[in-house]
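What follows is one structure encoded as structure tokens, with my remarks underneath.
Residue numbers run from 1 in the order of the sequence given.
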Amino acid sequence: MVGRTLEDPPVHAPNDLRLGSAVEVAHELLGRRAHRVVADGRLAAARLAQPLDASAPLDARVLVDAWAPTPGDPPYDLGALPPGLSSLRWPEPPVITRSVRVTTLAQLAPALTSGTAVTLAVSVDRLEIAASDVALVVEPGVRVGHLFVRNRISRISVRGGTYGDIEMQLPGTYWPAEEWHREWMPTDVLFDRVEVDAADTAFLLRGGVRIAITNSRAHAARYNVWIGDTADFDSEDIILAGNSLRSDGPEATVRLVHTRRSAVVGNRLTNTLKHNYRIHGRSSDNWAARNVLVGTGMMLGTLPSDLWPIQRQTLEDNVLYHRVPSLLELDPRLSPLFELAP
């Protein structure tokens, strides 16, 4: 791994940015020099943010520009996919045959059946989705304390509402004996325009196939997004796009473990201590692009439990506002794949 400090990095318009894993670091705000990091030997243009008021709180100093998340109808426009992600797939929509508006708690459980579009107009402490082909729309002002998505179901969409936390069930069991099954993972699940304020983890997704979070906001005391409870099989096609995700610091903002094909695009990720973006385990073909990372940086591999080096990681046109050590921590086994732009 080789590189040099850029004394006077060139300034380019956003549309001059090229595919090539560019990580732009605007940490000159904190008295450091800026670097570009480029993977797979491809060079990319770098653009520095305009100077901001260093006396203001960190969040107020972050430049909000065309790279900041903007709402849009899902699927979010990810733009051109990097090599290796051409087979990335969005969740399939639910197959709906009827619609129900729920205005009382007594109406809720009977409404959550396969093939139903449910509009929720009443707050509830716990809501469990246990059937495939359910489209849940939560009206403004309605709160769900805990949303639980069962394993072994498919084609679920959740739009709108505020939540205490969101959880997907483990693709396994510990009783009467421990067993794990790839076919138990939830598949084709979309969370769009949801708002979560979690005392622990906001999106405890555990493991799944074709799972997406779009256009959402979440605060978490620990992890914001966790994926990694999959034993000897992998999650696939994970998309986080257009979100604002903030974690308080004991754990990472986004942590993806044993994940094949992920796109983390157009998000604002904030953390006070741990890395905003972490990839671990048997992960491959993971892409982070056009994100704004506030406070902390990225970690790729490096843990003793990472028995396999991660494969084909692309970092493209991300902006980092860095005030915690370990801006970009790479597993040494990745060094043949990465170089600093000269």
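Glu92 and Arg155 are not joined by a salt bridge, as no carboxylate oxygen comes within less than 4.0 angstrom of a charged side-chain nitrogen. Salt bridge absent: Arg290 and Asp317 never bring a charged side-chain N and a carboxylate O closer than 4.0 Å.
Side chain of Thr296 to main chain of Lys274: a donor-acceptor pair is present (N/O by atom type, distance under 3.5 Å, no hydrogens or angles). In this structure, Ser157 contributes its side chain and Ala135 its backbone to no donor-acceptor pair below 3.5 Å. In this structure a side-chain-to-backbone donor-acceptor pair under 3.5 Å is present from Ser235 to Gly208. Asn243 contributes a side-chain N or O that, together with a main-chain N or O of Asn215, makes up a donor-acceptor pair within less than 3.5 Å. Thr259 places a side-chain N or O within donor-acceptor distance of the main-chain N or O of Val257, the cut-off being under 3.5 Å. Under the 3.5 Å distance criterion, the side-chain polar atoms of Asn224 are left unmatched by any main-chain donor or acceptor of Ala202. In this structure, His258 contributes its side chain and Gly207 its backbone to no donor-acceptor pair below 3.5 Å. The backbone N or O of Ala199 lies less than 3.5 Å from no partner atom in the side chain of Asp165, so there is not a single donor-acceptor pair. Judged by distance alone, with hydrogens and angles left aside, the side-chain atoms of Asn286 form no donor-acceptor pair with the main-chain N or O of Gln313 at under 3.5 Å. The backbone N or O of Gly115 lies less than 3.5 Å from a partner atom in the side chain of Thr97, making a donor-acceptor pair.
Crowding of Arg282 atom CZ: a count of heavy atoms from other residues, nucleotides or ligands under 6.0 Å exceeding 12.
Think of Trp175 as one node in a network of Ile, Leu, Val, Met, Phe, Trp and Tyr side chains linked at under 4.5 Å; it has no links at all.
Applying the ring pair (Phe, Tyr, Trp, His ring centres under 6.0 Å) test to residues at least two apart or on different chains, the pairs with a partner in residues 218-256 are Tyr223-Trp226.
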CA sep, side-chain torsions, deciding dist, call: Arg182, Glu236, salt bridge (Lys or Arg N to Asp or Glu O under 4.0 Å) | CA-CA 11 Å; Arg182 185 188 185 282; Glu236 298 178 18; 2.6 Å; yes
Begin from the C-alpha positions of Val209 and Arg89 and carry the test side chain to side chain contact (heavy atoms under 4.5 Å, CB included) through to its verdict.
-> CA-CA 9 Å; Val209 177; Arg89 291 175 57 194; over 6 Å; no
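Atom CG of Leu293 sits about 10.0 Å away from atom OH of Tyr277, to the nearest 0.5 Å. Separating the NE2 atom in His146 from the CG atom in Asp125 is a distance of 11.5 Å, to the nearest 0.5 Å.
For the side-chain contact (heavy atoms from CB on, under 4.5 Å) with Met185, the lone residue among Asn151, Asp234, Leu170, Thr230 that qualifies is Thr230. Each of Asp192, Ile239, Leu205 was checked for a side-chain contact (heavy atoms from CB on, under 4.5 Å) with Ile213, and the lone residue meeting it is Leu205.
Residues Asn291 and Asn267 have side chains that bring a donor and an acceptor to within less than 3.5 angstrom of each other. For the residue pair Thr116/Arg98, the side-chain donor-acceptor check at 3.5 Å is satisfied. Counting only N and O atoms by type, the side chains of Asp188 and Ser154 include no donor and acceptor under 3.5 Å apart.
Ring geometry for Tyr174 against Trp180 counts as perpendicular: the plane angle is over 60°, on a 0 to 90° scale with 30° as the lower cut.
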